[in-house]
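What follows is a single structure, written as structure tokens, with notes after it.
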Amino acid sequence: MDVFQFPCLKDNYGVLIHDKATGLTAAIDAPEAEPVRRALKEKGWTLTHILVTHHHADHTQGIEALKAESKCTVIGPKAEAAKIKGLDKTVGEGDTFKFGGTEVRVLDTPGHTAGHITYWMPSETVAFAGDTLFAVGCGRVIEGTMEMMWGSLAKLAKLPGATQVYCGHEYTLSNVKFALTIEPENEALKLRAAEIEKLIAAGKATLPTRIDIELATNPFLRPQSPAIRKRLGLETAADWQVFAEVRERKNRS
Ligand code: ZN
Ligand code: FE
């Protein structure tokens with residue numbers, strides 16, 4: 001399977017996945033139609049599917065036009081079916097389906113929105129996490145509770161360490177600056193901050209990321225860190241409470 005990532009809107013990413021054997025091509029979300037069309041043309045691929053992670057407009061507003069011109073099959077979260085126009089098939093936790101020769105597993109990852117899902121392809125060691133997990137960050141908790149969002153992040157944290165994670169937005173530079181205020185003594189984070197600054201200065205994408213890199217550097221995945229707990233004065237709190245405090249500080253930053 002080939003994966004192609006490209007910028008959309010102000011700071012979104014579009015992603016195309018392509019199954020070489022069958023010629024199937026899926027867009028992960030549809031932030032806007034034109035960049036998806038351009039990416040398809042550049043790769044010489046024909047759109048057959050759209051896999052939607054959640055209902056927000058910056059992930060769905062291209063669906064209608066792309067579906068009208070390609071007659072593609074649109075798959076999206078069962079729990080948000082009423083909020084997404086053009087869905088042909090809905091999926092949720094535990095569902096699996098085939099994309100060409102690749103098994104796709106669906107994980108419920110609510111919190112950013114109430115029905116947000118993640119598409120995980122274990123044989124390709126890749127996951128498409130929408131606005132749940134970002135590089136050195138996570139999505140805002142808009143429709144769910146902090147506890148629910150922590151549960152979703154903890155689920156992603158348990159994927160194999162080598163899993164490549166594609167995310168909805170390029171927020172990494174702001175995330176890494178914030179992360180350094182939460183865990184300034186984290187050596188892996190300091191090294192990563194330098195790498196990210198270089199990538200951004202060169203106009204390059206900082207995504208996809210990888211689960212093991214996030215486990216080492218992302219403060220939202222590190223509520224068990226004694227240094228973070230000490231800094232926040234939450235030595236005996238539950239993991240989700242530490243996560244919630246980090247998220248609230250990011251909201252205010
Ligand atoms: Zn969103
Ligand atoms: Fe978004």
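Indexing begins at 1, ligand by ligand and atom by atom, following the structure's order.
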Worksheet item: Quick check, are the ring centers of F99 and H49 under 6.0 angstrom apart?
Response: yes

Worksheet item: Atom NZ of K71 and atom CG of D88: how far apart are they, to the nearest 0.5 Å?
Response: 11.5 Å

Worksheet item: Among protein atoms, how many N/O/S atoms lie less than 2.8 Å from the Zn ion (ligand 1)?
Response: 4

Worksheet entry | pair T53-D131: side-chain heavy atoms closer than 4.5 Å | no

Worksheet item: Looking at K155, H116, H112, H54, which hits side chain to side chain donor-acceptor pair (under 3.5 Å) with T132?
Response: H116

Worksheet, complete the sentence: Only one of E80, H56, H59 passes side chain to side chain donor-acceptor pair (under 3.5 Å) with T113, and that residue is E80

Worksheet item: Do the side-chain N and O atoms of T109 and T118 include a donor-acceptor pair separated by under 3.5 angstrom?
Response: yes

Worksheet item: Quick one: ring-ring contact (aromatic ring centres under 6.0 Å, His included) partners of F134, sequence neighbours excluded?
Response: H169, Y171

Worksheet item: So which residues get pulled into L207's cluster when ILVMFWY side chains under 4.5 Å apart are joined, directly or through others?
Response: Y13

Worksheet item: Does a side chain donor of either E143 or H55 reach within less than 3.5 Å of an acceptor in the other side chain?
Response: yes

Discussion item. With 2.8 Å as the threshold, which protein atoms of type N, O or S lie near the Fe ion (ligand 2)? Leave waters out.
Written reply: D58 OD2, H59 NE2, D131 OD2, H169 NE2

